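One structure is given below, encoded as structure tokens.
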Amino acid sequence: MAERIIILGSNGQIGTELVAALRKKYGQAQVVASDIRKPQSVAGDTPFELIDVLDRKALHLLFTQYRPTQVYLLAAVLSATGEQHPRQAWDLNINGLLNVLDLSMEYAVKKVFWPSSIAVFGPHSPKTDTPEYCTMDPTTVYGISKLAGERICEYYHNRFGVDVRSIRYPGIISWKAAPGGGTTDYAVHIFHEALKHNTYACFLSADTTLPMLYMDDAIRGTLALMDAPADQICIRSSYNITGTSFSPAMLAGAIRRHLPDFTITYVKNDPRQAIADTWPSSINDAEARRDWNWSPRYGLAEITADMIVNLKKTTNGKSI
Ligand code: AKB
């Protein structure tokens, strides 16, 4: 049977690239992109639907119309924006997920993907080599909603048999679409500013080390998890995965290998620093490696080189 796939929240940093990857794999017409706003351009023969995941009636119609075999729910409010609008973040991140899980059950969707985040960890979680299972006391509404979402996913799997799969993404670095409202966004902004102005004012301190993942690895990992046989997926909350870990100072050093005059300054008292301080600096992803052969390909040097080459080609160094 041909797959019919719906991506909810397709305009974002991950959605933009996941839609392209899924269309390459399954065919243009099989993948319905959807978001609360229209993207800048929609190619003629590619399906796109305007949808608010909180509008249960509209979502119901979407499922009736397309009868999806797979659903990817990417619509979310991230960590920094969530602190400005906590109620809205909770509402979208939790009620959007519940709507999708309920409809996936009702329409017997074969597989559901929902992203979690390293934001599920908190100040009492181990800071380095953070394991899959440990104390989790997230301090942001985003992290709290992701942790609750993980429990709900596992519950829907155990109680109702929904084949829901999830990854705890670290900061994701990419050049095609901008990240929106996260604490790790600096690691994308820095490249744009480096190419445009040769300098960057960073909102995190020089030594704030966070786990990061290049988009190519994120997409490859997501597809590998979704392709894995159901009986190999031992974790139905969410899998730890990571690519590498670095600080702003380390990233600036890697950029200087390509742009020797690049400088970085540090802005004090940004609220995102307090968020980053509660997150792990490195992640242990042994379970993902064991269950679905996860292994990243991009380290700091490879990420930096690829970002610079591609941004030079596409944006001419213009800031996003
Ligand atoms: C954020 O910074 O909020 C996200 C995340 C790590 O989930 N990039």
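Note that the numbering runs from 1 along the sequence shown for the chain. Counting starts at 1 for both ligands and their atoms, in listed order. Computed from a prediction, not measured in an experiment: that's the story for all the values here.
- The protein heavy-atom contact nearest to atom 8 (N) of ligand 1 is Thr184 OG1, 2.9 Å.
- Annotation: ring-ring contact (aromatic ring centres under 6.0 Å, His included) contacts involving residues 133-164, sequence neighbours excluded, comprise Tyr155-Phe160, Tyr156-Phe160.
- Set against the non-hydrogen atoms of Leu78, the atoms of ligand 1 under 4.0 Å away are 3 (O).
- Closest non-hydrogen pair, Ala119 versus Pro138, comes out as O-CB, 3.3 Å.
- Which parts of ligand 1 touch Trp279 is read off a 4.0 Å heavy-atom cut-off, strictly below it: atoms 1 (C), 2 (O), 3 (O), 6 (C).
- Looking at heavy atoms from C-beta onward, His189 lies in side-chain contact with Tyr200 at the 4.5 angstrom threshold.
- Counting heavy atoms closer than 4.0 Å to ligand 1, residue Ser79 contributes atoms from both its backbone and its side chain.
- For Arg256, the side chain to side chain contact (heavy atoms under 4.5 Å, CB included) partners are Ala252, Phe262, not counting sequence neighbours.
- Geometrically, Arg165 does not engage Phe113 in a cation-pi contact, judged by NZ or CZ lying under 6.0 Å from the ring centre and within 45° of the ring axis.
- For ligand 1, the atoms lying closer than 4.0 Å to a non-hydrogen atom of Thr183 are 1 (C), 2 (O), 3 (O).
- Here the heavy atom of the protein found nearest to atom 5 (C) of ligand 1 is Ser117 OG, 3.5 Å.
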